[in-house]
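Reviewing the structure listed below.
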Amino acid sequence: MKRLRFYETLPHPSYSPDLAPSDFYLFPKLKEHIKGKHFEDDDAVQEDVRRWFRGKPHEFFADGMRKLIWRWRACVD
């Protein structure tokens, strides 16, 4: 398993949805995936979401992190 190493802390507001990769990148894509689906119960939702996550290539997540750099610059500058 690879470990991420962060060498510097970047200045940012205490909470900014513009800088949370889950808010600007991950959740919109997940919402698009489940849009219009009907589930029998919570377990079915969880299984579908797990399957969606497992099906994503590493590059999908790396792309979200690359977009974070651009968004950080736009917010902080």
Check your understanding: Considering residues at least two apart in sequence or located in another chain, which fulfil the side chain to side chain contact (heavy atoms under 4.5 Å, CB included) criterion with D63?
Key ->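 Testing D63 for side chain to side chain contact (heavy atoms under 4.5 Å, CB included), a comparison that skips the adjacent residues, returns Y25, R66, K67.
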
Review point. Among all residues two or more places apart in sequence or in another chain, which pass the side chain to side chain contact (heavy atoms under 4.5 Å, CB included) test with E32?
Key: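 E32: side chain to side chain contact (heavy atoms under 4.5 Å, CB included) contacts with K35.
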
Listed pairs under 3.5 Å, donor-acceptor, residues 36-44 side chains, sequence neighbours left out:
{"from": "K37", "atom 1": "NZ", "to": "H33", "atom 2": "NE2", "distance (Å)": "3.2"}
{"from": "K37", "atom 1": "NZ", "to": "D48", "atom 2": "OD1", "distance (Å)": "3.3"}
{"from": "K37", "atom 1": "NZ", "to": "D48", "atom 2": "OD2", "distance (Å)": "3.4"}
{"from": "D41", "atom 1": "OD1", "to": "D43", "atom 2": "N", "distance (Å)": "3.2"}
{"from": "D41", "atom 1": "OD1", "to": "A44", "atom 2": "N", "distance (Å)": "2.9"}

Practice item. Check whether NZ of the Lys or CZ of the Arg K56 lies under 6.0 Å from the centre of the six-membered ring of F53 and within 45 degrees of that ring's axis. Key: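 Geometry flag: not set, cation outside 6.0 Å or 45°.
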
Practice item. Just jot down the side chain to side chain donor-acceptor pair (under 3.5 Å) partners of K31, sequence neighbours excluded, or say none. Key: none

Check your understanding: Rounded to the nearest 0.5 Å, what separation is found between the NZ atom of K29 and the CH2 atom of W52?
Key ->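 Atom-to-atom, K29:NZ and W52:CH2 are 8.0 Å apart.
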
Exercise for review: Sequence neighbours left out, what passes ring-ring contact (aromatic ring centres under 6.0 Å, His included) with F61? Give chain and number order.
Suggested key: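 For F61, no residue satisfies ring-ring contact (aromatic ring centres under 6.0 Å, His included) once neighbours in sequence are set aside.
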
